[in-house]
Structure formats: structure tokens, C-alpha cells
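Input: a single structure, listed below in C-alpha cells.
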Amino acid sequence: MRGLLTKDFCLLAGQKRFWIVVLGIAALFMVSGQNEMFVIAYVTMLCAFFSISTIHYDEFNKADNFLFTLPFERKEYAIEKYLFGMIIGGVAWLVSTVVGFIAVSMKNQGTDMTEWILEVVTYLLVLLLMLSFMIPIELKFGAEKGRIASFAIFFVIFGICFLGGELAEKFEIDVVGTLNGIDNRIFTGVLVAAAVVAFIISLAASIKIMEKKQF
């Protein structure tokens with residue numbers, strides 16, 4: 001496990017230009033007065049995408065054929081991808097949240113900090129949901145097919161949401177008003193439960209995929 005993490009952190013260190021661009025754009029957004037929530041979401045999600053892209057690096061030129069001759073269990077590889085994603089995304093989230101908090105405090109616009117923190121926490125949960133959604137797909141289908149499968153699932157979800165919106169409008173159901181009426185603490189609690197359940201299911205699926213995968 002330690003060796004796999006070291007490998008991915010070395011990949012991380014080799015992408016200096018990428019991180020300079022990410023931090024530069026984030027700083028530009030912050031200086032230009034862009035909403036702090038957007039910056040936090042941008043940095044966190046982008047770092048999560050990078051952690052998932054390490055699977056592509058492992059597959060490049062069939063390097064995984066050699067990688068899996070090394071002394072580690074296949075389930076460790078799956079677990080490491082989640083751990084690495086949570087470390088990278090979590091650090092990005094923490095740093096951007098601290099910077100955002102300082103920016104909000106300096107503006108002194110009477111922001112409700114309890115509500116602000118609850119909203120920020122949802123991005124950390126979205127990070128976990130995104131890793132839970134993407135990692136099994138990437139492990140199962142690989143870089144190219146995985147991208148196609150992700151888009152296909154996205155459009156299916158989008159279609160379901162669109163159809164649900166049309167039905168709500170037809171039956172005169174105020175979905176937006178109902179969601180706005182939900183207390184943020186309840187919403188965050190539901191999201192926590194969903195993220196934990198999704199993570200457990202996803203991790204079990206990823207381990208099973210790796211144990212059955214042929215190289």
C-alpha cells in the first residue's frame with residue numbers, strides 16, 4: 001500500500017505545470033471576486049479528477065502488466081485509489097476552504113458562518129460521491145471505455161432528472177420550493193448517509209473488479 005501511494009505521489013510531483021495552472025486559475029478567481037464556493041468546488045473536484053487519472057497512467061503502454069507482478073494484493077490497489085483520491089481532494093478542499101474562509105471574513109458581509117461551513121462540507125461529500133462513482137467505472141472499462149461509460153451514465157441521470165422535472169411541472173409540484181424549505185443540516189445529514197453508503201458499495205465493487213480483472 002505504501003509503495004502504491006509513493007508511486008502516485010511521484011506522479012503528482014511530476015505534474016508541476018498542471019498544479020501551477022490550477023493554483024493560478026484559482027488565485028485569479030479569488031482575486032477577481034469570484035464566489036468562494038465556486039473556487040472551493042473547482043479546486044477540490046479538479047484534484048479528484050487528477051487522482052482518478054492515475055489509473056490511466058498505470059494503464060499507459062500496458063504498464064499495469066508489470067505493476068501487478070509486484071508483491072501487493074489486488075484489493076490493495078483498489079483501496080489505494082480511494083485513499084489517494086481522498087488525500088489529494090481532502091487537502092485541496094482544506095486549503096481552499098481556509099483561504100475562502102479568510103476571504104469571507106475580510107469582506108465582512110454578515111455571512112452566516114454556520115450555513116457557510118455546512119455548504120462547504122457538502123463539497124467534501126460530493127468529492128467522496130464522485131470518487132465512489134468514477135473509480136469502479138475506470139477500473140472496469142479503462143481510460144477510453146470508462147470515459148464513454150461515464151458520459152452514458154451521466155446522460156441517463158440527466159434524462160431521469162429532466163423527466164422528473166417535467167412530471168413535477170405537469171402535476172404542479174414545487175420541487176425547488178420544497179428543497180429550499182429543507183434545513184441545511186438535514187440536507188447535509190442525508191448527503192453524509194448517501195456518501196457513506198455509496199462509498200461502501202463502490203469500494204466492494206472495485207475490489208471485486210480488480211480480483212477478477214485479467215492482465
State yes or no: do [X] and [Y] share one hydrophobic cluster built from I, L, V, M, F, W and Y residues joined by side-chain heavy-atom distances below 4.5 Å, directly or via other members?
| X | Y | value |
| --- | --- | --- |
| Leu128 | Phe49 | yes |
| Val43 | Ile20 | no |
| Leu127 | Val197 | no |
| Leu131 | Leu94 | yes |

Just say parallel, tilted or perpendicular for the rings of Phe72 and Tyr77, cut-offs at 30° and 60°.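 Answer is parallel, since the angle falls under 30°.
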
Indicate the ring-plane relationship of Tyr82 and Phe199, choosing parallel, tilted or perpendicular according to the 30° and 60° boundaries.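 Aromatic pair Tyr82/Phe199 classed perpendicular.
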
Nearest atoms (heavy-atom pairs only) where Cys47 meets Ala92: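 Scanning both residues, the minimum pair turns out to be SG-CB, 3.4 Å.
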
Specify the closest pair of heavy atoms between Ser202 and Pro136, including all atoms of both residues, with the distance to one decimal.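 Scanning both residues completely, I find the closest heavy atoms to be OG-CG, 3.1 Å.
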
Non-hydrogen side-chain atoms of [X] and [Y] separated by less than 4.5 Å:
| X | Y | answer |
| --- | --- | --- |
| Leu4 | Asp8 | no |
| Phe9 | Ile87 | yes |
| Ile79 | Leu203 | yes |
| Ser53 | Phe50 | yes |

Once you round to the nearest 0.5 Å, how far does [atom1] of [X] lie from [atom2] of [Y]?
| X | Y | atom1 | atom2 | value |
| --- | --- | --- | --- | --- |
| Arg74 | Lys212 | CZ | NZ | 12.5 Å |
| Thr6 | Phe84 | OG1 | CZ | 10.5 Å |
| Ile55 | Ser206 | CD1 | OG | 8.0 Å |
| Ile209 | Glu138 | CD1 | CD | 11.0 Å |
| Met130 | Phe133 | CE | CZ | 10.5 Å |
| Ile88 | Leu46 | CD1 | CG | 12.0 Å |

Would you indicate whether Phe101, at its atom CZ, is surrounded by more than 12 heavy atoms from other residues, nucleotides or ligands within a distance under 6.0 Å?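 Counting other residues, nucleotides and ligands, CZ of Phe101 stays at 12 neighbours or fewer.
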
Could you give me the CA-CA distance, side-chain angles and deciding distance for Val192 and Leu125, then say whether side chain to side chain contact (heavy atoms under 4.5 Å, CB included) is met? CA-CA 6 Å; Val192 167; Leu125 298 173; 3.4 Å; yes

Could you tell me whether the side chain of Thr44 and the main chain of Ala41 form a donor-acceptor pair under 3.5 Å?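 No; zero donor-acceptor contacts below 3.5 Å.
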
Treating Trp93 as the side-chain partner and Met86 as the backbone partner, does any N or O pair qualify as donor plus acceptor under 3.5 Å?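 Flag not set: sc Trp93 to bb Met86 has no pair under 3.5 Å.
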
Which residues pass the salt bridge (Lys or Arg N to Asp or Glu O under 4.0 Å) test with Lys7, sequence neighbours left out?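 For Lys7 the salt bridge (Lys or Arg N to Asp or Glu O under 4.0 Å) partners, ignoring immediate neighbours, are Asp58.
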
Steps toward side chain to side chain contact (heavy atoms under 4.5 Å, CB included) verdict (Tyr123, Thr97): CA-CA 10 Å; Tyr123 290 127; Thr97 297; over 6 Å; no

